[in-house]
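Letters go in sequence order (proteins before strands), and every chain restarts at 1.
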Amino acid sequence: ALILFKSMCSNGVMPNTVTCTIIIDGLLKVGSITEFLKFLTEMDEIGIVPNLYTFNTIINGMCKAQMLDMAWGFLGIVMKRGLVLDVVLYSTLISILINNSNLEQACKLFGEMVKEGVTPNMFTYTSLITGLCREGNFLRAWCLLEEMVEKGFAPDRIVYTSLISGFCKHKKMKKAEEVFRKMQENGLTADAYLYNCLIDGYCKLFLMDFAISKMDKMIQYGLTPDVVTYTILINGYRKMGDKDKALKMYKLMLKQGISPD
RNA sequence: GAAUAGGUGGAC
């Protein structure tokens, strides 16, 4: 893509902020930090001005690359330029805080955003609900979910997965199954991602039969167990000391054409 | 007109 971009420029087609943002997104997603920094200075040299999309892409990318300090540096630039944070940037920041176990700051930022008159959306709510569920604060998570629904956002598969994953992490499989059922009653279908959460929950409780029957179920529904599914099950058997079954599961995975990561 | 943000595993 970078090569195409260069040839585009030399053919006289002028890049703009949108094309540059796409390139930056790509560079950061494959982890080419140095390429990205070089690109940024080139952008500056030809006078292309980054906008909120660009900065959001950069901040999100830097955090995923574990370069938090740099990310905050870019946030400082956003402020200094007098750009007004929008719902996407707020949601990105909240998600970052959640993923760094900084729930308090995330909640604070949420309050700030509302005070600034920015309306939270599904992304914002889901990040916060995820954080609350990870901590086991299901009561507050549920309150937020209700608030979300009141504001007119119908829960989707992702926010249901946040809740279910939280219950599974805290070994509350009854609640997890309850929410799972509710989700399906609401006409949503599960994906492999969601099944993996449930399978992991049962493995944590050493309920391998339940875990396996979940895997069967996902296959029944036309889903394919992936490398994460197998890793969960292999580790489940290992934690129980059942090396044979762990090895069997590993071989099954290879037979399905999935290689370990 | 086109670009950005939310949910799973890896034991000891």
Side-chain angles (χ1 to χ4, degrees), chain A residues 1 5 15-26 28-29 48 50-64 71 74 78 85-99 106 110 113 118 120-134 141 144 148 153 155-169 176 179-180 183 188 190-204 206 211 214-215 218 223 225-243 246 249-250 253 258 260-261:
Chain A
F5 179 80
N16 60 16
T17 305
V18 175
T19 49
C20 286
T21 303
I22 296 171
I23 299 285
I24 289 172
D25 191 38
L28 290 177
K29 287 209 165 105
I48 293 173
N51 61 14
L52 265 186
Y53 282 73
T54 323
F55 280 116
N56 186 63
T57 303
I58 293 171
I59 291 170
N60 187 46
M62 298 264 76
C63 288
K64 297 261 152 77
F74 280 104
V78 173
L85 305 212
D86 65 357
V87 61
V88 176
L89 190 42
Y90 269 116
S91 302
T92 302
L93 295 173
I94 287 173
S95 164
I96 289 165
L97 290 168
I98 294 293
N99 288 322
F110 183 77
M113 138 181 205
V118 180
N121 65 15
M122 283 293 279
F123 287 80
T124 333
Y125 281 111
T126 303
S127 291
L128 279 173
I129 289 171
T130 301
L132 289 167
C133 287
R134 281 187 192 151
L144 258 188
M148 189 187 97
F153 298 104
D156 64 4
R157 178 162 66 201
I158 296 191
V159 77
Y160 274 116
T161 304
S162 287
L163 289 162
I164 293 168
S165 170
F167 283 126
C168 290
K169 276 198 182 71
V179 176
F180 184 50
M183 183 192 91
L188 298 170
D191 59 3
Y193 214 97
L194 178 43
Y195 273 104
N196 288 342
C197 296
L198 289 164
I199 292 170
D200 187 51
Y202 286 119
C203 285
K204 278 186 171 43
F206 305 108
K214 275 293 166 206
M215 183 168 81
M218 81 187 269
L223 299 167
D226 59 15
V227 63
V228 176
T229 318
Y230 286 106
T231 306
I232 291 166
L233 287 164
I234 292 167
N235 281 325
Y237 281 125
R238 269 183 18 184
K239 273 186 257 188
M240 290 186 68
D242 197 337
K243 303 252 178 227
M249 196 48 77
Y250 182 68
M253 179 181 84
I258 298 170
D261 62 354

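Under the side-chain contact (heavy atoms from CB on, under 4.5 Å) criterion, L188(A) pairs with Y160(A), M183(A), not counting sequence neighbours.
Among the protein residues, S91(A) comes within range of the nucleic acid bases, having at least one heavy atom under 4.0 Å from a base atom. In this structure, I232(A) reaches the sugar-phosphate backbone alone: every heavy-atom distance under 4.0 Å involves primed, P, OP1 or OP2 atoms, never a base. Counting non-hydrogen atoms under 4.0 angstrom, S127(A) reaches the backbone sugars and phosphates but no base. The residue D191(A) sits close to a base: some heavy atom pair falls under 4.0 Å. Here K243(A) lies out of heavy-atom contact (under 4.0 Å) with every strand. Counting any heavy atom pair closer than 4.0 Å across all strands shown, T161(A) reaches a base atom. Across all strands shown, T126(A) has heavy atoms under 4.0 Å from base atoms, whether or not it also approaches the sugar-phosphate.
Protein chain A contacts RNA chain B over a range whose 5' and 3' limits, counting nucleotides with an atom under 4.0 angstrom from a non-hydrogen atom, are A2(B) to A11(B).
Between Y125(A) and F153(A), the angle of the ring planes lies from 30° to 60°, which puts this pair in the tilted group.
Taking the side chain as every heavy atom from C-beta outward, V228(A) and D200(A) never approach each other to under 4.5 Å. The closest side-chain heavy-atom distance from M215(A) to T229(A) is below 4.5 Å.
Side chain to side chain, N60(A) and T92(A) fail the donor-acceptor criterion of an N or O pair below 3.5 Å.
The two residues N121(A) and S91(A) have their closest heavy-atom pair at OD1-OG, 3.9 Å.
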